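Report on the structure given below.
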Amino acid sequence: MKFSRMFLPTLKEAPSDAEIVSHMLMIRAGMIRKIAAGIYNYLPMGLKVIKKVENIVREEMNKAGAQEVSMPIVVPSELWQESGRWDIYGKELLRIKDRHQRNFCLGPTHEEVVTEMVRKEVRSYKELPLNIYQIQTKFRDEIRPRFGLMRGREFIMKDAYSFHATEEDAEREYQNMYDTYCRIFERCGLKFRAVEAETGAIGGRFSHEFMVLADTGEDSIASCNKCSYAANVERAETKMQGSGVRGLPSNVSIGGQGSEKERPLEKVSTPGMKTVEEVSGFLKTTPQKLMKTLIYNSDKGVVAALVRGDYELNESKLKRLLDAQWLNLADEETVRKTTNAPSGFAGPVGLKDRGQGAGVRGLPPQSLSGGQNNTNLKIFADYNVQTIVNGITGANEADAHFINVNIDRDFTIDSYADLRIAADGDLCPRCDGVLKIFRGIEVGHVFKLGTKYSEAMDATFLNEKGQGKPMIMGCYGIGIGRTAAASIEQNHDEKGIIWPMPLAPFHVHLIPVNVKDKPTMDVAESIYKNLMNAGLDVLMDDRDERAGIKFNDADLIGIPIRLTIGSKALKENSVELKMRNAADASLIKIDDVSKKVLEIIEQADRVGVITATRLP
RNA sequence: CGGGGCGUAGCGCAGCCUGGUAGCGCACCUGCUUUGGGAGCAGGGUGUCGGAGGUUCGAAUCCUCUCGCCCCGACCA
């Protein structure tokens with residue numbers, strides 16, 4: 001391709017709305033252009049990279065026995081009604097009507113459609129297993145699209161769905177896909193980690209996210225420094241942190257604030273002090289002494305959840321504990337009704353007695369007007385709350401807290417559970433290692449679905465005994481555009497993108513320094529033809545521009561191999577070769593160019609293929 | 001959805017407070033010089049100042065409404 005003919009608008013400055021490096025560079029390198037919030041045009045350079053990722057994914061999926069199909073983007077509401085998701089799926093599902101006022105949606109994922117496709121045709125266990133995939137544009141009406149292709153509304157995704165007669169076979173395929181994903185991301189040249197992810201109702205270890213490690217990632221992952229345990233922090237288990245001091249191993253499993261004697265409960269004035277920092281600072285103590293009381297609203301009713309002041313509550317864990325469909329931090333009004341105090345002063349002491357007209361044990365009765373009956377309110381606590389002796393909680397009264405609060409003496413907890421978000425320095429739940437928190441970009445997800453959709457949509461088959469059974473399903477997604485963006489996050493410098501060979505839009509960037517110099521152009525044209533004939537993608541910058549402009553554009557675009565043809569080297573029958581990921585250039589004889597370039601590419605391709613790892 | 005901000009040339013921005021000929025840098029077009037790391041000189045403005053309404057002799061500027069976008073938060077198979 002000749003640069004002068006290519007639709008490749010490079011930019012010296014990035015638009016002000018680009019925040020992260022991959023977004024800025026994709027725009028500056030002429031790969032994408034925004035058309036609306038979270039919706040982009042892919043220009044030739046961008047599409048070439050997308051196609052590279054797609055092809056790697058396609059090759060590995062085919063090799064793994066999956067079959068490519070294409071499903072519609074516009075999906076009739078009936079299928080979504082059948083699965084029950086039409087009403088459950090939030091506003092992310094873009095619903096549209098056709099001219100007959102019939103409901104459709106833009107597919108954000110295709111479980112319904114693929115289940116419909118398979119249930120119509122498959123009757124017998126003999127026709128299973130099946131793994132069907134597509135690489136296709138999806139639409140999710142994200143609340144806040146950002147970061148370019150990283151979190152768009154319209155995006156390209158590879159989604160695969162497998163169907164099985166037995167649990168064992170579904171699990172075999174899960175491992176097959178896990179291994180395939182490892183190969184795919186290795187071939188893409190990415191540094192990644194497969195981590196345990198939320199499994200929701202399915203449970204078990206059959207959900208892994210593939211995370212590309214990058215500081216700009218939107219997800220946090222906890223990874224053990226000793227064993228192979230790695231999990232999304234949403235999911236990461238925690239274990240008792242011994243003496244109550246974070247990160248210090250200890251044999252003490254309970255009552256960690258140790259030998260401290262229980263002191264009498266006391267109410268203190270804490271005007272305007274709401275946050276853990278404010279309260280602990282005001283009372284001259286540490287956040288570890290605080291029992292943070294969070295009031296949640298859910299389909300299972302209002303609940304209170306306690307975590308130690310220095311930890312964060314993990315909503316996913318609470319949701320799972322309650323087996324709730326939805327869960328939200330209670331609004332101000334609910335907090336007032338439940339605690340009879342503005343938010344920031346909730347506490348477990350006397351919380352269940354609200355509205356009963358009873359005072360708090362050991363303290364005079366107080367006005368409870370506006371309170372409601374809380375007898376059925378459940379109080380849950382994270383395990384580590386047990387370590388608190390003489391703790392501090394809100395007093396369910398504006399501008400007041402209790403100090404010297406002790407569990408069982410002053411209030412009771414309905415149930416303890418692992419409810420907090422894993423933190424850096426936590427003990428590993430599997431070994432005696434320590435967890436470290438990394439940021440990651442989720443580029444892939446493998447998930448065992450079970451029979452959720454096959455049961456809801458009656459996708460059954462006959463087994464050996466002639467019994468009708470729901471098919472057991474798995475689903476496996478890869479964000480194509482996100483993978484390309486993640487690669488840029490990992491591979492760039494201050495000048496621009498540094499493409500790994502497998503994703504590079506071109507193999508070679510040819511720069512004739514002076515296009516008006518005939519000897520230069522003769523050599524350039526001949527190298528260009530030779531490399532093209534060898535089957536390589538070559539971009540030749542034939543523009544009549546100054547060298548600086550061409551070099552800067554080359555660095556920005558990030559093609560791995562740069563060949564510069566200039567008059568100095570030509571005198572020695574040579575051209576200059578520079579790798580984008582190297583600091584220095586070298587001279588090679590013109591006759592050796594093809595051979596040398598092919599060598600480099602062959603070597604780069606080989607590096608990508610590493611043996612896939614097994615499930616930890 | 002809550003809070004904050006922005007919309008002026010292709011991109012980045014000034015002008016707005018205090019109403020009076022629409023500007024700067026880069027990019028772009030023409031010519032000459034230059035040609036190995038974003039050149040120099042000369043000439044050229046390519047604009048519905050997001051849109052609609054209002055105030056005014058006069059609105060990019062003041063007021064009202066509206067659309068779009070961005071940031072923080074909430075939310076997120």
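First the proteins, then the strands, lettered A, B, ... as listed; each starts at 1. Bear in mind that the values here come from a model prediction, so they are computed numbers and not experimental data.
Judged by closest nucleotide on RNA chain B, A:A36 is the one of A:Y453 and A:A36 placed further toward the 5' end. Residue A:A14 is the one, among A:A14 and A:S567, whose nearest nucleotide of RNA chain B lies closer to the 5' end (criterion: closest heavy atom).
Among the atoms of the strands shown, none is found under 4.0 Å from any heavy atom of A:R543. If you check every strand for non-hydrogen atoms under 4.0 Å, A:E92 touches sugar and phosphate atoms only. Using a 4.0 Å heavy-atom cutoff across all strands shown, A:L11 reaches no nucleic acid atom at all. Residue-level contact check: A:D517 touches neither bases nor backbone, having no heavy atom under 4.0 Å from any strand. Looking at heavy-atom distances under 4.0 Å, A:E442 makes no contact with the nucleic acid at all. Within the nucleic acid shown, A:R151 comes within 4.0 Å of at least one base atom, counting heavy atoms only. Among the atoms of the strands shown, only primed sugar atoms or phosphate atoms (P, OP1, OP2) are found under 4.0 Å from some heavy atom of A:K34.
Atom CG in A:D87 sits roughly 17 Å away from atom P in B:A77 (whole-Å rounding). If you measure from atom CD1 of A:I143 to atom C1' of B:C71, you get 15 Å, rounded to the nearest angstrom. For the pair A:I27 CD1 and B:A27 P, the interatomic distance rounds to 20 Å; values are reported in whole Å. For A:E572 and B:G36, the CD to P distance is 16 Å, given to the nearest whole Å. If you measure from atom CD of A:E19 to atom P of B:C71, you get 5 Å, rounded to the nearest angstrom. Counting to the nearest Å, the C1' atom of B:U35 and the CZ atom of A:F551 are 11 Å from each other. At whole-Å resolution of the value, CD1 in A:I549 and C1' in B:G36 are 13 Å apart. Nucleotide B:U33 holds its C1' atom 10 Å from the NZ atom of A:K516, rounded to whole Å.
Taking atom C1' in both B:C62 and B:U18, one finds a spacing of 11 Å when rounded to whole Å. Between B:G12 and B:C69, the distance separating the two P atoms is 16 Å to the nearest Å. Spacing between B:U56 and B:G23 at atom C1', rounded to whole Å, works out to 25 Å. When the C1' atom is used for both B:G53 and B:C67, the distance is 14 Å, rounded to whole Å. Annotation: B:C63 and B:C26 have their P atoms spaced 35 Å apart (nearest Å). The separation of B:G5 from B:G45, taken at their P atoms, amounts to 38 Å, rounded to a whole angstrom. Separating the C1' atom of B:C65 from that of B:U46 is a span of 32 Å, rounded to the nearest Å. A gap of 22 Å separates the C1' atoms of B:C24 and B:G19, to the nearest Å.
In this structure, A:F163 and A:I472 have side chains that are not in contact, with every pair of non-hydrogen atoms separated by 4.5 Å or more. Within the 4.5 Å cutoff, the side chain of A:I50 has heavy atoms near those of the A:I480 side chain. Counting heavy atoms from C-beta outward, A:M1 and A:V538 have side chains that stay 4.5 Å or more apart. The closest side-chain heavy-atom distance from A:I600 to A:M579 is below 4.5 Å.
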Test ring-ring contact (aromatic ring centres under 6.0 Å, His included) applied to A:H208 and A:Y178, step by step: CA-CA 8 Å; A:H208 282 82; A:Y178 183 100; 5.1 Å; yes
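A distance-only check finds no donor-acceptor pair linking the side chain of A:K578 to the backbone of A:S586 [under 3.5 Å]. In terms of modelled atom types and a separation under 3.5 Å, the side chain of A:R153 and the main chain of A:R140 share no donor-acceptor contact.
Pair assignment for B:U34 gives none, since no Watson-Crick or G-U wobble pairing has each distance under 3.5 Å. Summarising the base pairing, B:G2 is matched to B:C72 through a Watson-Crick or G-U wobble pair whose two defining distances lie under 3.5 Å. Using Watson-Crick or G-U wobble geometry with both donor-acceptor distances under 3.5 Å, B:G19 finds no partner in any strand shown. Under the Watson-Crick and G-U wobble criteria, each requiring two contacts below 3.5 Å, nucleotide B:G7 is paired to B:C67. Using Watson-Crick or G-U wobble geometry with both donor-acceptor distances under 3.5 Å, B:U61 finds no partner in any strand shown. Pairing of B:A14, defined by two Watson-Crick or G-U wobble distances under 3.5 Å, is not identified with any nucleotide. Partner assigned to B:G43 is B:C29, using Watson-Crick or G-U wobble distances below 3.5 angstrom.
Regarding contacts with the backbone of B:G36, every side-chain N or O of A:R546 stays at 4.0 angstrom or more from both OP1 and OP2. Contact annotation: A:R144 reaches the phosphate of B:C72 (side-chain N/O to OP1 or OP2, under 4.0 Å).
Closest to the side chain of A:A547, out of B:G37, B:C72, B:C70, is B:G37. Comparing B:G38, B:C13, B:G37 by their nearest atom to the side chain of A:S16 picks out B:C13. Comparing B:G37, B:C70, B:C75 by their nearest atom to the side chain of A:D17 picks out B:C70. Comparing atom distances between the A:R140 side chain and each of B:G36, B:C26, B:A77 picks out B:A77 as nearest. Counting only heavy atoms from C-beta on, A:A37 has its side chain closest to B:C69 among B:C69, B:C71, B:G36.
Under the 6.0 Å distance and 45° angle rule, A:R95 counts as a cation-pi partner of A:W86.
For a distance-only test at 3.5 Å, the side chain of A:N514 fails to qualify as a donor-acceptor partner of the base of B:G36. In terms of polar N and O atoms assigned as donor or acceptor, the side chain of A:R28 never comes within less than 3.5 Å of the base of B:G12 in a complementary pairing. Judged by distance alone, with hydrogens and angles left aside, A:E576 brings a side-chain donor or acceptor within reach of the base of B:G36, the pair sitting under 3.5 Å.
Aromatic ring centres of A:Y453 and A:Y161 lie farther apart than the 6.0 Å criterion allows.
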